[in-house]
Amino acid sequence: MAEKKSTTKKPATSDKKVAAKAPAVKVAVSKPVTAKDTSAKPIAVKATAVKTAAAKKTTVSASASVKAAPAKSAAKKAAAKTSEKSSDSSSAIGLFQYFLPKQPATLKDAGMVAIKAPDAVTPLTHPSFIRELLAHPQTHGMRVWGMLPADYPNRLVMTGEQIRTTIESQPGFDVYTFNPHPEVELLYENLWVQGEVSHPEMLALCAEVFKHVGLKTDLLTRMMPADQFVTGQAVVGTAAFWQGWLSYLTVFLKKTDALPDPIKARLYRGNADPKGRHANSTYLMFVIERLMAEYLAASETRLKIHRVRSQTQESKLNSYLKDIAVLRQMALNEKKPGAMRKIWAGYRQLYLLATQGKDWVEQNAHAFPRPSGAV
């Protein structure tokens with residue numbers, strides 16, 4: 001979330017490492033679908049930080065540049081220019097690459113606009129930062145725009161140009177989500193369970209917070225569809241999507257202000273990051289990052305979501321993880337948690353024993369929901 005990587009050891013890319021322990025499940029696995037690459041021009045902007053809505057305007061698309069019209073047909077040419085600009089901006093895709101303090105400028109991707117994130121806070125958790133971008137000229141009229149961490153191109157193994165090309169090839173969606181660690185969405189029920197492994201005591205704290213802010217606690221154990229695994233603080237969406245998320249986040253934060261003092265103290269406690277990988281962030285930031293998934297779930301009837309997948313990262317999944325992917329999807333297809341969820345959870349357990357070891361599994365056993373009727 002500031003979640004950079006899965007807290008489990010990276011799954012073995014070779015089947016030989018787990019073949020002796022994890023049983024093979026003979027199921028048909030379809031390969032990930034990825035959009036073919038085509039050329040697309042990056043956003044022609046030079047801004048390195050977003051300050052105010054009065055920031056200097058820049059060209060959004062190369063095709064939006066139109067030569068000055070001759071004086072004799074100025075009115076007609078001006079109208080055509082305005083129409084062309086409107087068409088270009090409405091189809092444009094804005095990608096903002098945000099830099100946290102101390103992140104090197106060498107991460108700059110030519111296909112994205114570099115901006116500075118406030119302090120050590122990720123933009124998705126910062127309402128004022130979202131408001132600033134919503135008001136900024138560079139986002140006005142764009143079909144979709146979004147924010148990605150500075151190191152995201154490296155983690156996805158996709159350049160900003162490739163990300164834009166993929167989004168362009170999948171028009172008609174309101175939100176585009178990403179996950180550079182596909183094994184996470186295969187091995188965990190949801191991001192809250194994954195968060196418990198990374199940030200001990202998160203599930204217990206969230207159960208208390210949810211009760212006070214009006215969220216159902218069964219969200220903590222539900223099977224989350226893959227396109228809702230919004231990790232790494234990377235989302236691209238329409239202005240309506242961002243307005244909706246801003247409202248949802250603002251209401252949640254107001255409710256957290258009214259929490260009983262003992263719960264609020266735990267929420268703002270700085271020991272949510274025991275390994276020190278996220279600048280000693282509080283539980284609140286990790287909770288908000290995962291809250292995006294619940295916003296998407298609550299809005300799925302009015303938002304069309306598309307998962308942008310990294311072909312390179314998904315090609316690293318071994319045959320056991322591909323089997324787990326099929327079993328997980330079959331479990332999701334059940335109307336009520338039943339046999340397939342038990343089978344998926346059991347096979348997941350065997351895989352983790354083979355790749356993480358018995359000590360790790362026993363240490364984190366409390367984090368994984370136990371399917372009803374499991375033995």
Side-chain angles (χ1 to χ4, degrees), residues 1 3-35 152 154-158 177-198 221-232 234 290 293 306-334 337 339-365 367-371 374:
M1 250 209 126
E3 234 18 55
K4 301 297 181 189
K5 295 182 180 178
S6 170
T7 55
T8 62
K9 300 174 186 175
K10 200 167 186 178
T13 55
S14 171
D15 295 344
K16 294 180 180 180
K17 296 185 180 181
V18 294
K21 297 182 180 181
V25 176
K26 295 183 179 180
V27 287
V29 181
S30 58
K31 295 181 179 179
V33 178
T34 56
Y152 225 64
N154 292 342
R155 291 160 60 189
L156 279 173
V157 198
M158 295 175 71
T177 64
F178 309 81
N179 185 1
H181 312 293
E183 70 277 9
V184 171
E185 64 192 51
L186 304 181
L187 296 172
Y188 294 93
E189 284 81 357
N190 55 58
L191 288 170
W192 304 108
V193 175
Q194 184 273 336
E196 175 69 20
V197 175
S198 303
T221 58
R222 76 179 177 101
M223 288 282 280
M224 183 181 285
D227 60 7
Q228 292 175 14
F229 271 77
V230 184
T231 60
R290 288 163 174 80
H306 177 73
R307 163 71 86 203
V308 175
R309 296 192 173 278
S310 167
Q311 183 177 13
T312 301
Q313 295 292 45
E314 298 215 352
S315 68
K316 296 177 183 179
L317 297 176
N318 59 44
S319 63
Y320 302 101
L321 286 169
K322 291 176 181 178
D323 289 345
I324 290 173
V326 174
L327 293 173
R328 191 181 192 282
Q329 186 57 50
M330 292 174 73
L332 275 169
N333 291 340
E334 291 183 310
M340 289 313 306
R341 180 162 178 176
K342 296 174 191 175
I343 293 172
W344 167 76
Y347 194 69
R348 183 261 308 272
Q349 177 87 346
L350 292 174
Y351 182 81
L352 291 176
L353 281 168
T355 58
Q356 308 298 317
K358 183 179 178 181
D359 291 344
W360 186 95
V361 170
E362 290 181 348
Q363 178 184 347
N364 295 286
F368 296 94
R370 192 176 182 83

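Here the shortest heavy-atom pairing between P225 and L332 reads CA-CD1, 4.0 Å. Between F178 and A234, the closest heavy-atom pair is CD1-O, 3.5 Å. Nearest heavy atoms, M223 versus A331: CE-CB, 3.9 Å. Listed here is the closest heavy atom pair of N190 and V193: OD1-N, 2.9 Å. Nearest heavy-atom pair across L191 and A293 is CD1-CB, 4.3 Å.
S315 contributes a side-chain N or O that, together with a main-chain N or O of T312, makes up a donor-acceptor pair within less than 3.5 Å. Counting only distance, with no hydrogens or angles, the side chain of R309 and the backbone of E314 share no donor-acceptor pair below 3.5 Å.
A salt bridge links E189 with R348: the closest approach of a Lys/Arg side-chain nitrogen to an acidic carboxylate oxygen falls below 4.0 angstrom.
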Take E183 and K316 through the side-chain contact (heavy atoms from CB on, under 4.5 Å) test and state the conclusion after the steps.
CA-CA 10 Å; E183 70 277 9; K316 296 177 183 179; over 6 Å; no
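Atoms CG and CE, on L327 and M340 in that order, are 5.0 Å from each other to the nearest 0.5 Å. Within the model, atoms CD of E185 and CZ of R307 stand 5.0 Å from one another, a figure rounded to the nearest 0.5 Å. How far CG of L186 is from CG of D323: 11.0 Å, rounded to the nearest 0.5 Å. Between atom CG of residue N364 and atom CD of residue Q356 there is a gap of 9.0 Å, rounded to the nearest 0.5 Å. Considering CG of L321 and OH of Y347, their distance stands at 8.5 Å, rounded to 0.5 Å. Atom CZ of residue R341 and atom CD of residue E334 lie 9.5 Å apart, to the nearest 0.5 angstrom.
A 4.5 Å side-chain heavy-atom check between Y320 and L350 finds every atom pair outside the cut-off. With a 4.5 Å cut-off on side-chain heavy atoms, T177 and Q228 do not count as touching. Using a 4.5 Å heavy-atom threshold, the side chains of V308 and M158 count as touching.
Considering W344, W192, Y188 as possible partners of F368, the one that fulfils the ring pair (Phe, Tyr, Trp, His ring centres under 6.0 Å) test is Y188.
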